[in-house]
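Accompanying notes for the structure given below.
Throughout, protein chains are lettered first and strands after them, A, B, ... in sequence-line order, and every chain is numbered starting at 1.
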Number of protein chains: 2
Amino acid sequence: MAPDDTDRQSPAWTDPDCPVARTADLVGDRWSLLIVRDAMDGARSFTDFQQRTGIARNILTERLRRLTAHGLLTQVDAPSGRRRRYALTEAGKDLFPVIVTLRQWGERHAFEAGETHSVLVDGDGTRVPDLRPAGADGSPLTSDTTTVRRRS
Amino acid sequence: MAPDDTDRQSPAWTDPDCPVARTADLVGDRWSLLIVRDAMDGARSFTDFQQRTGIARNILTERLRRLTAHGLLTQVDAPSGRRRRYALTEAGKDLFPVIVTLRQWGERHAFEAGETHSVLVDGDGTRVPDLRPAGADGSPLTSDTTTVRRRS
DNA sequence: TCCGTTCAGTTGCAAAATGAAACCAAATGG
DNA sequence: CCATTTGGTTTCATTTTGCAACTGAACGGA
């Protein structure tokens, strides 16, 4: 990598006006999503991530750097001068609803009946309820009952 | 493309037990996410998608085929013997919560203060409220107050 | 202190995915 | 019937990904 490689980050957004597209630009790839997933589940070190995801190490290096550059992860020093570890920033933690909806969609549609899969549970061991968009009055919303208003 | 190309679909899952990973395998790339976004916003034809996303046409062909093969889109005939159009299946429409959380995260973290962006509104023109994970009792849940239980 | 190991990468190279552009055939429109 | 549009396919150059081998700084123990 050349000494001056401060560019690489955003060769401009795919679709600058759309929040979905911006988020997709930042974390819309398999490995970034799985890194965030694992960070939420307690992964902290390079090898934590490498072992859990099975990602190639050069790609992991690149992704950790990218997520850090974009403010989703930070590098923190462990208590006793030990090795650096990665931790989610507030913005990173705020991806929780995204990971949850990905998980819940997967549970509903990506498994055959009878296949087992991991489950997200709260402190009591209770399964986290399905997350569904709703209006201010609590009425369920779908893609048919909503629209995108451009540039507001 | 060779005449027999029925493989391509799933050279096995990245992480078969994890619903997040399965979903990421199916739609965890920028273009698939944007195609789903646009389908939810009314895109139906090849050129609808091409113009809205700006995706290369060969890639669009491949993605539409892939999403169709995985049951997120179907090809439907328009009323008057017109050209084929794509439409979201039930599974595809059920990605709505995923797109909404991606959008909302983007709104919160991917724009500078003062930058404008598109907004998702319901039939009344009211902005869709933030979607946040909550326990059965309605208490907010975060990545710190939940855990993944493997293979349940 | 010296030695071996683990960690966190880097480097080199092959394979796969992506993108731009040209090409093409079936529908549609006039 | 002809021109145009639509929905692709093909070709080729560029980028990204992945694998495997290598490196160098930190520990860890004898």
Expressed in angstrom and rounded to an integer, what is the separation of [X] atom [atom1] from [N] atom [atom2]?
X: R65(B); N: dA17(C); atom1: CZ; atom2: C1'; result: 17 Å
X: R66(B); N: dA16(C); atom1: CZ; atom2: C1'; result: 13 Å
X: L64(A); N: dA8(C); atom1: CG; atom2: C1'; result: 10 Å
X: F46(A); N: dT23(D); atom1: CZ; atom2: C1'; result: 14 Å
X: Q50(B); N: dT5(D); atom1: CD; atom2: P; result: 15 Å
X: L34(B); N: dT18(C); atom1: CG; atom2: P; result: 13 Å
X: L60(B); N: dG7(D); atom1: CG; atom2: C1'; result: 9 Å
X: Q75(B); N: dG8(D); atom1: CD; atom2: C1'; result: 11 Å

Quiz prompt | Any residue meeting side chain to side chain contact (heavy atoms under 4.5 Å, CB included) with A87(B), in chain and number order, not counting sequence neighbours | solution =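 For A87(B) the side chain to side chain contact (heavy atoms under 4.5 Å, CB included) partners, ignoring immediate neighbours, are V76(B).
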Quiz item: By side chain to side chain contact (heavy atoms under 4.5 Å, CB included), which residues pair with A43(A), not counting sequence neighbours?
Solution: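 If we apply the side chain to side chain contact (heavy atoms under 4.5 Å, CB included) test to A43(A), skipping adjacent residues, the hits are D38(A), D48(A), F49(A), R52(A).
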Practice problem: Report yes if a side-chain nitrogen or oxygen of T47(A) is closer than 4.0 Å to either non-bridging phosphate oxygen (OP1 or OP2) of dA8(C); otherwise report no. | Solution: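 Yes, T47(A) has a side-chain N/O under 4.0 Å of OP1/OP2 on dA8(C).
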Quiz prompt | Q50(A) side chain vs I55(A) backbone, donor-acceptor pair below 3.5 Å | solution =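 Confirmed, Q50(A) side chain pairs with I55(A) backbone.
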Exercise. Spell out, as yes or no, whether a donor-acceptor pair under 3.5 Å connects the side chain of T89(B) to the backbone of L72(B).
Key: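 The answer is yes, because a donor-acceptor pair under 3.5 Å joins these two groups.
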Exercise. Rounded to the nearest 0.5 Å, what's the gap from CZ on R127(A) to OG1 on T146(B)? Could you check?
Key: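 Here the rounded value is 12.5 Å.
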Quiz item: Sequence neighbours excluded, which residues qualify as side-chain hydrogen bond (donor to acceptor under 3.5 Å, both in side chains) partners of N58(A)?
Solution: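 Applying side-chain hydrogen bond (donor to acceptor under 3.5 Å, both in side chains) to N58(A) gives none.
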Practice problem: Taking only Lys NZ, Arg NE, NH1 and NH2, and the carboxylate oxygens of Asp or Glu, determine whether D94(A) and R108(B) approach each other closer than 4.0 Å. | Solution: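 Yes, D94(A) and R108(B) are salt-bridged.
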Practice problem: Could you tell me whether R30(B) and D15(A) make a salt bridge, using a distance below 4.0 angstrom between a side-chain N and a carboxylate O? | Solution: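 Salt bridge: no.
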Quiz item: So what does Y86(B) touch, heavy atoms closer than 4.0 Å: a base, only the sugar-phosphate, or nothing?
Solution: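 Here Y86(B) touches the backbone only, sparing every base.
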Exercise. Could you tell me whether T61(A) contacts a base, only the sugar-phosphate backbone, or nothing, with contacts defined as non-hydrogen atoms closer than 4.0 Å?
Key: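 Base contact.
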Quiz prompt | Relative orientation of the end axes in the helix from dT1(C)-dA30(D) to dG30(C)-dC1(D), expressed as an angle to the nearest 10° (five pairs per end) | solution =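 Between the axes fitted at each end of the helix from dT1(C)-dA30(D) to dG30(C)-dC1(D) lies an angle of 30°.
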Quiz item: Which pairs with one or both residues in residues 113-126 of chain A pass salt bridge (charged side-chain N to carboxylate O under 4.0 Å, His left out), sequence neighbours excluded?
Solution: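 Sorted pair list: E115(A)-R22(B).
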Nucleotide N/O to protein N/O under 3.5 Å, stretch nucleotides 17-20 of chain D:
unit_1	atom_1	unit_2	atom_2	d
dT17(D)	OP1	R63(A)	NH2	3.0
dT17(D)	OP2	R63(A)	NH1	3.4
dG18(D)	OP1	R30(A)	NH2	3.2
dG18(D)	OP1	W31(A)	NE1	3.2
dG18(D)	OP2	W31(A)	NE1	2.7
dG18(D)	N7	N58(A)	ND2	3.2
dC19(D)	N4	N58(A)	ND2	2.6

